[in-house]
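Start at 1 and go down the list; that is how both ligands and their atoms are numbered. Both backbone and side-chain heavy atoms feed into the values below; hydrogens, waters and symmetry mates do not.
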Amino acid sequence: MTKNIYDQKVEEFMAKIKAKNPGEQEFHQAVHEVAESLIPFIEENPQYKEAKVLERIAEPERIIIFRVPWQDDKGNIQVNRGFRIEMNSAIGPYKGGLRFHPTVNLGILKFLAFEQVFKNSLTTLPLGGGKGGSDFDPKGKSDNEVMHFCQSFMTELYRHIGPNTDVPAGDIGVGGREIGYLFGQYKRLKNEFTGVLTGKAPNWGGSLIRPEATGYGATYMAEEMMKTKGDSFKGKTVAVSGSGNVAQFATQKVTELGGKVVTLSDSSGFIYDPNGIDKEKLDYVMYLKNIKRGRIKEYAEKYGVEYIEGERPWSVNCDVALPSATQNEINEEEAKTLVGNGCFVVSEGANMPCTPEAMHIFQENRVLYGPGKAANAGGVAVSGLEMTQNSMRLPWNRNEVDERLHRIMKSIHETCVKFGKRDDGTIDYVKGSNIGGFVKVADSMIAQGTV
Ligand code: NDP
């Protein structure tokens with residue numbers, strides 16, 4: 001079959017997805033990218049076609065939408081909307097983060113839940129896929145307001161989740177503080193202490209290395225990709241976007257491996273520090289973002305470096321880019337600029353940070369491009385390890401968890417190589433991760449009948 005016939009089949013499939021899920025652009029984008037890899041594979045493996053696996057995998061098993069009323073510090077009643085997308089439970093309980101951000105809507109959470117199914121399968125752990133969150137904006141809210149919101153959110157969500165059913169974690173706007181308030185309310189409502197959420201603090205059931213896991217994992221993935229060219233982080237200049245959980249720990253691991261991180265950003269702009277963000281400066285970023293909850297601009301003021309308002313960091317010279325903020329944060333022009341400036345590795349700490357056009361630029365130029373569902377799977381992998389430790393009621397030490405994380409990232413890389421080798425010997429990590437993630441879920445769905 002020629003490529004054109006595949007393209008036509010992708011378009012036909014997408015037309016149905018768009019008709020059924022109108023206006024959900026990010027969901028369409030995520031499904032399209034996967035369908036491009038999977039439809040040729042499914043044509044060659046008719047068991048998946050007959051069982052309509054792709055059609056079923058793109059339809060959530062269940063969606064829960066609910067009202068979240070809460071009272072702010074001035075005594076005013078506020079109303080937000082809560083969501084949980086239970087996407088696929090073929091290989092384990094639903095698993096995926098909660099996002100609190102004003103842009104949250106059904107389409108964004110469906111894209112994230114869809115990606116999560118493949119990502120979780122790649123980790124080798126028994127984890128289904130889900131995602132949830134709210135249009136609540138934690139920015140500028142007091143701890144008390146965040147707590148009241150989290151308690152109200154959990155007062156509905158607790159009916160739908162459980163350690164063997166659905167195990168949420170953090171994402172944008174949901175860190176250790178929020179997980180604590182959510183867990184406290186769940187425990188109070190159910191009167192049981194179980195591993196119903198991951199990202200907990202180590203004192204009350206959390207895993208060591210969970211906060212570090214996504215950033216470390218994206219860095220390990222970049223390292224594995226570079227190894228295929230006999231290269232490493234030693235002496236490399238690295239552009240990181242974001243300054244939250246993923247960006248902070250990616251910066252830490254890159255520095256440990258001998259690279260130099262020169263940028264960080266937030267939604268207001270980015271800082272450029274050509275001397276590199278060393279340990280002392282990173283400690284300051286962690287204080288600034290996790291405790292003071294300030295803006296990245298303050299880094300530039302403190303260290304006397306450049307701050308570029310309203311821009312993203314992709315114009316700087318770098319060898320490696322680790323986009324670690326949000327979806328669609330690298331567009332076609334920015335991808336061209338990165339390639340033109342010598343960037344040869346992109347490992348996605350964030351979910352879907354590249355537009356489809358940007359992704360194609362990287363693929364055409366044979367950039368070592370690790371898509372989020374492979375590159376940022378370290379977070380959910382250690383969440384899976386947190387669930388294991390909760391079930392055993394035994395904690396592992398830092399080394400044990402980090403070694404397991406490292407092994408999982410290497411195995412994800414191997415899966416991508418297995419399913420993504422191009423005729424010219426290079427690796428298409430997009431195809432590799434899509435097919436590699438799909439096969440286990442698809443075979444399990446077929447084995448479980450038409451469910
Ligand atoms: P955080 O909330 O800790 O940090 C998010 C960072 O991204 C902040 O610096 C924030 O800036 C910036 N950001 C958020 N939205 C936008 C936007 N619309 N435009 C520009 N910048 C933005 O989140 P995480 O670090 O946890 O998550 C970052 C990415 O990694 C997300 O795509 C998430 O889905 C993905 N991810 C996270 C995992 C985890 O374990 N935490 C696991 C796998 C993927 P500001 O403060 O100004 O909003």
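For the 3.5 Å distance criterion, the side chains of Glu332 and Thr355 fail to qualify, holding no donor opposite an acceptor.
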Checklist entry - Which is it for Tyr429 and His413 under the ring-ring contact (aromatic ring centres under 6.0 Å, His included) test, yes or no, and what are the steps along the way? => result CA-CA 8 Å; Tyr429 289 93; His413 184 267; 5.3 Å; yes
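Atoms CE and OG1, from Met286 and Thr251 in turn, are 8.0 Å apart once rounded to the nearest 0.5 Å.
Ordered by chain and residue number, the residues placing a heavy atom less than 4.0 Å from ligand 1 are Arg99, His101, Lys139, Asp171, Ile172, Gly173, Arg210, Thr214, Gly242, Ser243, Gly244, Asn245, Val246, Ser265, Asp266, Ser267, Arg295, Ser324, Ala325, Thr326, Gly349, Ala350, Asn351, Asn376.
Separation of the Phe233 and Tyr220 ring centroids does not fall under the 6.0 Å cut-off. The aromatic ring centres of Phe149 and Phe100 sit less than 6.0 Å apart.
Of the possible polar contacts, none joining the Glu403 side chain to the Glu400 backbone as a donor-acceptor pair under 3.5 Å is found.
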